[in-house]
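Counting from 1, the numbers follow the sequence of the chain as shown. Basis for what follows: all heavy atoms, side chains included, without hydrogens, waters or symmetry-related copies.
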Amino acid sequence: MSTPQFPTAPVASPVAAARGFVADVFAWMFVGLAITAGLAAYFASQNDMVKYVQDNPMAIWIVIIAQLGLVVFLVAGMNKMTANTARLVFCLYAATLGFTFALIFEMYTTASIATTFVSTAGMFGGAALFGYVTKRDLTMVGQVCMMLIIGVFLALIVNIFVGSSTVDLVISVVGVVVFTALTAYDLQKIKQIAAQAGQDEEATRKAAIFGALALYLDFVNIFLFLLRFTGAAR
């Protein structure tokens, strides 16, 4: 009597593994955006967030410090933490941004927020598609964008004291352009990482969270800078 042969599990092809990795990246990015948007809407509907922050000025600083700490912890500790821990930290970070966005939702009209979101989605989607299909090496684009980001945030700090509306407009336009370009660069890097997906399942899961964080930050910053000069104040 011959020994029964049990069917073997199908092995995913490299192409299928790469597509699965990219799908995971976008899935977690959307989870992060959903958490942020959901909590922002909840906080904004419960209280006058602007008045709350004015009465409790330390609250916003605690949230900002927590946001920076979570990002640093996630990026610096990615190699040591498990994929589940990375997912938890990413979701916590998205949750803290929900508190910050509640303030923004009270400053702008709902219509302008919705319009800006749609515009952001279009710009982000176009840049992501370009980054995924282009054969050009976007490494230099990424390097230039990183330098410009430093300049943009330094200019934001300086303009807090200067208070120039013209400078603010320029910063907003540059910010939108920079993070749109960075989206294309990040997608190309994610595609390159995807080519190696499946070789180490745990490492692949963590890489997906790292990619989701990069795209999440790109989307959020495009939205914020676009809202600065297209949003209608309440």
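No chain of hydrophobic side-chain contacts below 4.5 Å, direct or via other Ile, Leu, Val, Met, Phe, Trp or Tyr residues, connects M81 to V72. Under a hydrophobic clustering in which Ile, Leu, Val, Met, Phe, Trp and Tyr are joined whenever their side-chain heavy atoms come within less than 4.5 Å, directly or via other members, L169 and I171 fall into the same cluster. Residues L154 and M147 do not share a hydrophobic cluster, defined by chaining ILVMFWY side chains whose heavy atoms lie under 4.5 Å apart. Under the 4.5 Å side-chain heavy-atom criterion for Ile, Leu, Val, Met, Phe, Trp and Tyr, F30 and V89 are members of the same hydrophobic cluster. Hydrophobic clustering of Ile, Leu, Val, Met, Phe, Trp and Tyr side chains at less than 4.5 Å, counting indirect connections, unites L88 with L33.
Under a 4.0 Å N-O distance rule, the pair R205/E201 qualifies as a salt bridge.
Within 6.0 Å of CZ on F229 lie more than 12 heavy atoms contributed by other residues, nucleotides or ligands.
Between the N159 side chain and the A155 main chain, no donor and acceptor come within less than 3.5 Å of each other. Counting only distance, with no hydrogens or angles, the side chain of K206 and the backbone of M78 share a donor-acceptor pair below 3.5 Å. Checked by atom type and distance alone, the side chain of K191 never pairs as donor or acceptor with a backbone atom of G131 at under 3.5 Å. Side-chain atoms of D186 never come within 3.5 Å of backbone atoms of D218 as a donor-acceptor pair (strictly under, hydrogens ignored). Side-chain N or O atoms of Q188 include one that pairs as donor or acceptor with a backbone N or O of R136 at under 3.5 Å. No donor-acceptor pair closer than 3.5 Å links the side chain of Q67 to the backbone N or O of Y93.
The two residues F219 and F124 have their closest heavy-atom pair at CD1-CG, 3.7 Å. Here the shortest heavy-atom pairing between G211 and V25 reads C-CG1, 3.7 Å. Annotation for V63 and F99: closest pair CG2-CD2, 3.6 Å, computed over non-hydrogen atoms. Here the shortest heavy-atom pairing between A212 and W28 reads CB-CB, 3.7 Å. Looking at every heavy atom in both residues, A127 comes nearest to T180 through CB-O, 3.3 Å. Nearest approach of A94 to G32, heavy atoms of both residues: CB-O, 3.4 Å.
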Yes or no on side-chain contact (heavy atoms from CB on, under 4.5 Å) for F101 and V220, after CA distance, side-chain angles and deciding distance? CA-CA 10 Å; F101 269 68; V220 165; 3.7 Å; yes

Residues I104, L227; criterion side-chain contact (heavy atoms from CB on, under 4.5 Å); working and verdict: CA-CA 9 Å; I104 297 171; L227 190 64; 3.4 Å; yes

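Contact annotation: the side chain of F43 never approaches that of L103 to less than 4.5 Å [non-hydrogen atoms, C-beta and beyond]. Taking the side chain as every heavy atom from C-beta outward, M146 and Q143 never approach each other to under 4.5 Å. The shortest side-chain heavy-atom distance between L70 and T96 falls under the 4.5 Å cut-off. For the pair V162 and V158, the minimum side-chain heavy-atom distance is below 4.5 Å. Proximity of Y132 to V22: side-chain heavy atoms (C-beta onward) are separated by under 4.5 Å at one or more points. Looking at heavy atoms from C-beta onward, L148 lies out of side-chain contact with V177 at the 4.5 angstrom threshold. Within the 4.5 Å cutoff, side-chain heavy atoms of F223 are placed close to those of I113. Side-chain contact between L138 and F130 is present, with at least one heavy-atom pair separated by less than 4.5 Å.
Note that OG of S172 is 10.0 Å distant from CG of L224, once rounded to the nearest 0.5 Å. Rounding to the nearest 0.5 Å places NZ of K80 at 10.0 Å from CZ of F73. Within the model, atoms CG of L182 and CD1 of I149 stand 5.0 Å from one another, a figure rounded to the nearest 0.5 Å. Atom CD1 of I222 and atom CZ of F117 lie 11.5 Å apart (nearest 0.5 Å). Rounded to the nearest 0.5 Å, atoms OG1 (T120) and CG (L226) are 4.5 Å apart. Atom-to-atom distance recorded for L92:CG and R87:CZ is 14.5 Å, nearest 0.5 angstrom.
Using a 3.5 Å distance cut-off with no hydrogens or angles, the side chains of T85 and T82 do pair a donor with an acceptor. No side-chain donor-acceptor contact under 3.5 Å links Y185 and T139. Side-chain atoms of S112 and T109 include a donor-acceptor pair closer than 3.5 Å.
Grouping Ile, Leu, Val, Met, Phe, Trp and Tyr by side-chain contacts under 4.5 Å, direct or through others, leaves I65 on its own.
Taking the six-membered ring where tryptophan is involved, the planes of F153 and F179 are perpendicular, since the angle between them exceeds 60° and thus also 30°.
Between F90 and Y216, the distance separating the two ring centers is shorter than 6.0 angstrom.
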